[in-house]
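Written out below as structure tokens is the structure these notes cover.
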Amino acid sequence: MSVPMNVSILKFDAVVVGAGGAGLRSAIQLSEAGLKTAVLSKVFPTRSHTVAAQGGVAASLGNSEEDHWRWHMYDTVKGSDWLGDQDSIEYMCRKAVEVVVDLEHYGMPFDRVDNGKIYQRNFGGHMSNFGEKPVRRACAAADRTGHAMLHAMYQRNVKANTQFFVEWMALDLIRDPEGVVVGVSAMEMETGQIAIFHARAVIFATGGAGRIFASSTNAFINTGDGLGMAARAGIPLEDMEFWQFHPTGVAGAGVLITEGVRGEGGILRNADNEHFMERYAPNAKDLASRDVVSRAMTTEIKEGRGCGPNRDYVLLDITHLDPETIMKRLPGIREISIQFAGVDPIKAPIPVVPTAHYQMGGIPTSYDGRVVALGADGENVVVPGFYAAGECACASVHGANRLGTNSLLDLLVFGKSAGDSAVEDLKVGKAHRELPKDAADRARSRIEAIDQRQGGVSVHEARQAIACAMQDHAGVFRFADLLQKGVTRILEVEKMTQNLEIKDKSLVWNTARVEALETENLIEVAKATMISAEARKESRGAHMRDDAPNTPEFPNGRNDKAWLKHSLWHREGNRVAYKPVRLQPLTVETVALKTRSY
Amino acid sequence: MERAAFERLRWRCTRRGMLEVDMVLGRFLKAVFWKCSESEQQAFIALADYDDMALWRLISGRDECEDARLTPVVAMLRECKP
């Protein structure tokens with residue numbers, strides 16, 4: 001039985017897609033302003049990927065020592081390798097205190113010091129006095145900050161009468177002939193029913209898309225649904241070449257092995273059992289920065305010295321450490337290695353590879369959460385009715401690389417500002433714009449094609465093809481020849497995703513159909529990433545190219561003269577356009593360009 | 001268990017907030033679930049309703065399960081390796 005053709009229409013003031021941190025935060029603003037608000041989510045809200053964020057949320061509260069939002073701003077601009085928009089960064093750093101206090105009011109159980117104030121701890125890259133020395137800026141709730149945040153904000157939404165549509169998958173953005181966003185089509189998994197959520201404001205908070213890579217720390221839910229929908233609706237995707245990688249994820253699984261393992265004496269080895277970091281970083285060796293270690297690992301694998309039958313990983317060896325030290329100082333690492341690598345690290349080394357962790361780019365927005373496209377003269381043009389926040393959006397505060405604890409801050413600040421902007425916009429007039437007659441056509445035809453196709457490609461095969469292409473050609477350390485071949489390869493893979501077939505044609509709880517629809521979103525993100533990465537002929541932040549090395553003319557391979565600009569990948573024609581970085585903050589002087597070094 | 005109920009369970013096990021939980025529950029469903037007794041299946045379904053953090057702490061041995069009915073399945077999850 002195939003999906004029924006009748007489509008119900010549900011009318012709301014605002015529809016939020018995604019119920020992680022950014023979605024819940026924006027929904028609070030909307031519902032508490034009295035707007036009839038729906039939140040759609042593929043999963044129960046407290047099972048969103050925000051739950052995995054443990055480190056904390058950055059805010060210059062100054063509870064433990066002197067701190068200032070301008071110092072936080074400086075660190076964030078520097079972390080972004082000057083690709084972040086400085087108006088957005090100022091906005092975020094100034095708003096940080098406010099959104100943390102909001103969370104306190106929602107009942108968030110922050111760790112505290114004896115005088116009752118929120119406890120703050122150090123986190124990499126956060127410094128006082130414009131880079132002088134580390135500062136305690138991260139606010140946390142033990143090792144479950146994201147978990148506590150989701151629970152506090154979900155309860156607040158329940159109190160504010162937000163209507164949740166759980167286990168619904170959003171399918172496509174609906175724009176009217178004038179380009180105004182008027183709703184979103186969606187499918188209820190339990191019934192297979194398609195509905196149109198007709199709204200005056202649509203807020204995307206769908207998270208990242210780390211599953212485009214074979215090795216990713218992202219949960220399976222992170223399939224870039226919002227980015228796929230935006231791309232299909234003609235919205236460009238910004239700075240998609242910038243992905244943060246972690247050097248040591250368990251090969252084949254992606255689960256993180258903390259840097260603490262190398263701190264305790266763990267050694268990276270290649271297929272010849274060589275301690276190869278001695279060649280790349282004779283002093284720091286395995287404790288060199290993430291970028292250096294990841295690059296060395298990738299070079300070893302590319303040059304044929306990887307381990308295993310496919311020579312596609314290296315080994316993290318702690319067998320020389322005292323087992324008691326492993327148990328005492330590295331709790332959980334043995335269990336992770338046994339669970340996900342199938343090896344006891346006391347007896348054998350752990351297979352590891354650099355692993356995708358966070359997507360810096362996304363749907364372009366300004367700092368008020370409004371989605372912006374590129375105008376004819378290169379200026380930002382607001383897409384009416386459309387807002388985005390969190391990892392799916394690009395405000396752009398992370399630029400070419402993100403500082404730890406700024407991701408939770410991003411989703412709080414821009415979740416709130418997107419909600420506030422929608423509330424403000426909806427004060428004008430009361431009527432919904434008319435839905436176009438073909439509002440459900442795109443979603444319906446996508447589903448019909450998947451349901452009716454025979455002799456096509458399996459979803460598993462297509463996903464494997466995407467993940468392998470991205471890992472092979474656009475990983476942590478990039479090579480011009482591989483990127484060029486990668487563009488050809490991903491466009492070939494796209495043909496597979498246009499020919500998906502599912503064996504299960506059931507109406508209710510057809511997870512195969514949902515996975516096929518997710519795959520159609522993954523391929524849009526994969527193309528955006530590969531094509532934008534191939535086009536950017538410099539190294540900057542997390543985008544490191546072999547042919548853009550560190551030279552006196554271009555320190556760290558960064559070329560501000562040619563490349564101090566944002567990429568905007570357009571689905572139509574796979575065209576990459578560019579727009580300038582906003583170097584002027586809102587109220588203070590610009591953080592002047594200089595070489596990024598720590 | 002009917003197809004629809006199993007597919008719903010599969011979705012709820014493999015679309016979690018944490019990758020670690022996605023992987024262990026998915027692996028269990030594929031390799032172990034259908035070999036379990038009905039009471040073990042019910043215990044697994046009850047565990048799948050736990051929050052990600054709580055479930056991962058149980059699977060990784062950082063916490064012990066206080067519900068005696070669920071303890072045998074927690075042990076099976078800990079043993080469910082690639």
Side-chain angles (χ1 to χ4, degrees), chain A residues 20 41-54 142-144 146-148 150-151 167 189-191 207 210-211 216-223 249-250 252-256 331-336 338-343 355 504 506-515 518, chain B residues 1-34 41 44-66 71-82:
Chain A
S41 176
K42 292 197 289 186
V43 298
F44 194 75
T46 52
R47 284 192 193 155
S48 304
H49 190 50
T50 304
V51 79
Q54 300 181 357
D143 63 351
R144 50 180 71 190
H147 166 95
L150 284 178
H151 278 263
E167 291 169 342
M189 295 180 203
E190 189 176 355
T191 61
R211 298 314 310 176
S216 170
T217 65
N218 282 202
F220 292 165
I221 197 171
N222 286 19
T223 53
V250 173
V255 175
L256 271 191
I333 291 303
R334 188 176 180 216
E335 287 73 21
I336 283 178
I338 292 171
Q339 271 283 352
F340 300 108
V343 296
T355 296
D504 183 357
S506 314
L507 183 59
V508 302
W509 273 110
N510 188 332
T511 55
R513 182 186 294 131
V514 175
E515 286 168 351
E518 287 179 332
Chain B
M1 183 180 265
E2 288 179 3
R3 187 207 69 86
F6 181 74
E7 284 299 299
R8 180 175 60 197
L9 178 64
R10 192 170 81 83
W11 182 258
R12 290 178 182 176
C13 287
T14 58
R15 289 297 187 286
R16 310 289 300 204
M18 291 174 70
L19 175 64
E20 291 87 339
V21 181
D22 275 338
M23 296 191 76
V24 176
L25 297 192
R27 197 187 286 161
F28 186 93
L29 267 188
K30 205 169 176 182
V32 184
F33 184 78
W34 292 110
Q41 288 185 352
F44 175 76
I45 291 167
L47 279 166
D49 265 346
Y50 276 41
D51 275 332
D52 282 83
M53 292 291 286
L55 196 47
W56 176 238
R57 290 181 75 90
L58 287 177
I59 295 167
S60 62
R62 287 169 72 186
D63 286 346
E64 290 304 324
C65 185
E66 290 175 2
T71 310
V73 177
V74 171
M76 291 161 82
L77 284 168
R78 287 177 185 172
E79 287 305 310
C80 187
K81 313 226 167 65

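The analysis underlying the following values was restricted to heavy atoms, covering all of them including side chains, and did not include hydrogens, waters or symmetry mates. Remember, it's a predicted structure, so these values are computed and weren't measured experimentally. Here is the naming used below: chain letters follow the sequence lines, and residue numbers restart at 1 for every chain.
Nearest heavy atom pair, residue B:Arg15 against residue A:Glu518, reads NH2-OE1, 2.6 Å. Nearest heavy atoms, A:Gln339 versus B:Ile59: NE2-CG2, 3.7 Å. The two residues B:Gly17 and A:Ala52 make their nearest non-hydrogen contact at O-CB, 3.9 Å. Taking both residues in full, the closest heavy atoms of B:Leu19 and A:Ala253 are given as CD2-O, 3.5 Å, listed atom of the first, atom of the second, then distance. When every heavy atom of A:Phe340 is checked against every heavy atom of B:Met23, the shortest pair comes out as CE2-CB, 3.7 Å. B:Trp11 and A:Met189 get closest at one heavy-atom pair: CZ2-CE, 3.4 Å.
Interface remark: of the candidates A:Val508, A:Leu150, A:Thr46, A:Val508 forms the most heavy-atom pairs closer than 4.5 Å to chain B.
A salt bridge does not link B:Arg8 with A:Glu167: none of the charged nitrogens is closer than 4.0 Å to a carboxylate oxygen. Using a cutoff of 4.0 Å between basic side-chain nitrogens and carboxylate oxygens, B:Asp22 and A:Arg47 are not scored as salt-bridged.
Heavy atoms of A:Asn222 lying under 4.5 Å from chain B are absent altogether. At a 4.5 Å heavy-atom cutoff, the contact between A:Thr217 and chain B is made by backbone atoms alone. For A:Ile338, the parts lying near chain B are the backbone and the side chain together; criterion is any non-hydrogen pair under 4.5 Å. With a 4.5 angstrom heavy-atom cutoff, A:Thr511 touches chain B via backbone and side-chain atoms both.
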Let me see the working for B:Arg3 and A:Asp504 under side chain to side chain contact (heavy atoms under 4.5 Å, CB included), right down to the final yes or no. CA-CA 11 Å; B:Arg3 187 207 69 86; A:Asp504 183 357; 2.9 Å; yes

Just do the side chain to side chain donor-acceptor pair (under 3.5 Å) check on A:Glu335 and B:Ser60 with the steps written out, would you? CA-CA 6 Å; A:Glu335 287 73 21; B:Ser60 62; over 6 Å; no

Between A:Asp143 and B:Arg62, is a salt bridge (Lys or Arg N to Asp or Glu O under 4.0 Å) present by the stated rule, with each step listed? CA-CA 13 Å; A:Asp143 63 351; B:Arg62 287 169 72 186; 3.1 Å; yes

